[in-house]
Amino acid sequence: MLTFNDNKAGMGGLDKEKITKVIEENTSASYSSFSKKQQSRIDEKVAEIKNRIEKATREEKQKAENSMKNLEIKLEASRDLSRDCVCIDMDAYFAAVEMRDDPKLRTIPMAVGSSAMLSTSNYLARRFGVRAGMPGFISKKLCPELTLVPGNYPKYTKVSRQFSEIFMEYDGDVGMMSLDEAYIDLTEYVANRTEKRIFTRHRYGGDCPCWLPRVPEDEDIENLQFEDSECTKCSKNRRAYFDDVEFGVGREEVVREMRFRVEQLTGLTCSAGIAANFMLAKICSDFNKPNGQFVLENDRNVILEFLEKLPIRKVGGIGRVSEAHLQSMDIRTVGDMLLQKALFPLCFSPLAQESFLRTALGLPGRPSSSDPRRKSISVERTFSPTSDFQMLCDVHLEICQMLEEDIRKAGVIGGKTITLKLKLSSFDVLTRSLTPSDTVSSLEDIQKYSLELLEKEKGKEIRLLGVRLSQLVFEEEKKSKTITDFWNDAKQQKPLSSPEDADEIIMMDTRPCPICGADVENQLEILNRHVDECIQKMTDEESPELICISVETKKKVEKPVVFSKKRKIQEKKPAAKKVATIDSFWKKE
DNA sequence: GCGGATCAC
DNA sequence: TATGGTGATCCGC
């Protein structure tokens, strides 16, 4: 059975057994039997691994050992201890955004998601065992007080864009792995950073709870400068304190500086890992969560010592299944991996052998494809299980329409391969694909070919349909506006009106907002925050192209960070049908 | 090229 | 009442 996993931060010291019991009690029969099926697949594989190790001849074992020794020498030669790699991870991201914008949520257990699935929970909820990936209705059993907040993805995207622009100042090539996770190579920046930097820090106090960050209760505020104003949201008095903070020149100082700036700009905290490569930095980012950072020295012995006791599940790429496989070889920590490496060729493919050995040595994964373009694009939806073919066709059509819309927005002309994905009411997943001689491009093509595949599965009881295009064909690279262009365009405009939120401005050096013309404090974060709000107001009604905008920065940004697309949820009423359509699914509760 | 699996977020 | 959606990659045919 799937046992409860307390991998995540903020889950120490909770009653694992009780939580596992509640989860089991609330698991439906069909899901439970699916889990069992999965587990027996794993057990089978485990038995196979044990068998292979047992029946290996001495020659085979010797060959395996030599092979791994040679590989280790080769990999060790590639070790690079010269880089400053940083992984930054926002703390409980979606939940933190909701808590920031609704102070009531800050003191109660809450989670972002639906009764079907949670995306994130706050730290109060985690104490009950409520965590990402858990269905909301089970979370409610674990924590009846739990407040569920539906996700607001456009907002999370917008906030993510705000702080990723800070990262871009330090590494023009910053990689946004998702809305809340950034990979930053600080090597060059740190090498060139010769002077400390001083920032004005804003923190809030007074009766108004709206703005973050707050000044800690226990801090001595006698000597802080402040300014009072009436909050436009809650009408209470808000006291803004400000003082100066200083950041030095080493990589740890620079990471503190980035985290400080993120919090000043967004009111959200993040955690960071600093190490010689991103694989290690990612692991480190979890070590002082929340609102902390952890640095791993760029030293081979220090790295190996750090990994020795690290549970394998903490390593990126080792999931539930690989963990079980490795455990069957008495491997629980990364240190164990190094001890048992001679067994790898007996049980795993060459790629897996190399991947595990890299992990054991603290080396990054193989560099992947140099083509940054996406490989596939897809849409899938879950609904109440049905075998009614007409209903399945209706859902299928909607999915195809959404996919066609997405490929146009993504600058994709079409794809050579089309794949239909089905999830049966048993939770088993099937895929069926087709590669016609001509590129699949129009809505008609998408619909025709995938329907052909669907028709062959008539009669099955289905709970999810998906359609995917792969081997994509792209449009010509579209010319996109640079940040500076936008600034220059906006500067030409006359101020539209006097600013309504003038009280948000703390008296200092100002410059006019390029959108509304209001005077805004001339500090990058504050200015950016204001400009983003203006843009939001401006574009709320339309469905704007994602604009990458920022106040001009000293360092020119070469390429905009790419964000995932967004979809507007249709507001039209659900059709009166017995089975949930896509619309009614998304509109429920 | 296809279908199943695994993984991350 | 009730267990998501998107994208990538790898393995073994």
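Order of the sequence lines fixes the chain letters, A, B, ..., with proteins taken first and strands second; residue numbering starts at 1 for each chain.
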Pairwise N/O distances under 3.5 Å, protein to nucleotides 11-13 of chain C:
| residue | atom | partner | partner atom | Å |
| --- | --- | --- | --- | --- |
| C:dC11 | OP1 | A:S349 | OG | 2.3 |

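Judged as a ring pair (Phe, Tyr, Trp, His ring centres under 6.0 Å), and not counting sequence neighbours, A:Y449 has no contacts.
Residue A:F137 and nucleotide C:dT1 are not classified as a stacked aromatic pair, given the requirement of ring centres less than 5.5 Å apart at an interplanar angle below 30°.
Between the base of C:dT1 and the side chain of A:S115 there is no donor-acceptor pair shorter than 3.5 Å.
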Name the atoms and distances for all side-chain donor-acceptor pairs under 3.5 Å in residues 356-369 of chain A, with sequence neighbours left out.
| residue | atom | partner | partner atom | Å |
| --- | --- | --- | --- | --- |
| A:R358 | NE | A:E354 | OE2 | 2.9 |
| A:R358 | NH1 | A:P364 | O | 2.6 |
| A:R358 | NH2 | A:E354 | OE2 | 3.1 |
| A:T359 | OG1 | A:S355 | O | 3.1 |
| A:R366 | NE | A:E354 | OE2 | 3.3 |
| A:R366 | NH2 | A:E354 | OE1 | 3.2 |
| A:S369 | OG | A:D371 | N | 3.1 |
| A:S369 | OG | A:D371 | O | 3.2 |

Show me, pair by pair, the donor-acceptor contacts under 3.5 angstrom made by side chains of residues 132-150 of chain A, not counting sequence neighbours?
| residue | atom | partner | partner atom | Å |
| --- | --- | --- | --- | --- |
| A:S139 | OG | A:P135 | O | 3.0 |
| A:K140 | NZ | A:L146 | O | 2.8 |

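As rounded to the nearest Å, B:dA8 and C:dT3 have P atoms that lie 24 Å from one another.
A heavy atom lying under 4.0 Å from DNA chain C marks the following residues of residues 449-466 of chain A, by number: A:R463, A:L464.
Here A:F167 and A:Y170 keep their ring centres 6.0 angstrom or further from each other.
Taking atom CD of A:E25 as the reference point, atom P of C:dA2 lies 17 Å away to the nearest angstrom. In this structure, the CZ atom of A:R366 is 12 Å from the C1' atom of C:dC10, given to the nearest Å. To the nearest angstrom, P of C:dT3 lies 12 Å from CZ of A:F383. Straight-line distance from the NZ atom of A:K409 to the C1' atom of C:dT6: 15 Å, rounded to whole Å.
Between A:D185 and A:F278, the closest heavy-atom pair is N-CZ, 3.8 Å.
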Worksheet item: In the 5'-to-3' direction, what one-character label does each nucleotide of nucleotides 3-9 of chain B receive under the scheme B = base within less than 4.0 Å of a protein heavy atom, S = sugar-phosphate only, - = no such atom?
Response: SSSSSSS
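In this structure, A:S376 reaches the C:dA8 phosphate: one of its side-chain N or O atoms is under 4.0 Å from OP1 or OP2. The side chain of A:S378 places no N or O atom within less than 4.0 Å of a non-bridging phosphate oxygen (OP1 or OP2) of C:dT6.
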Worksheet item: Could you go step by step and tell me if A:K21 and A:E25 meet the salt bridge (Lys or Arg N to Asp or Glu O under 4.0 Å) rule?
Response: CA-CA 6 Å; A:K21 195 172 154 238; A:E25 281 169 2; 3.6 Å; yes
Worksheet item: Given A:E404 and A:R408, is the salt bridge (Lys or Arg N to Asp or Glu O under 4.0 Å) satisfied, shown in steps?
Response: CA-CA 6 Å; A:E404 196 265 346; A:R408 270 191 298 106; 3.5 Å; yes
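The 5' end of DNA chain C is approached more closely, in terms of each residue's nearest nucleotide, by A:S119 than by the other of A:S119 and A:S368. Sequence order on DNA chain C of the closest nucleotides to A:P372 and A:I138 puts A:I138 first from the 5' end.
Within the nucleic acid shown, A:K423 comes within 4.0 Å of sugar-phosphate atoms alone, with no base atom in reach, counting heavy atoms only.
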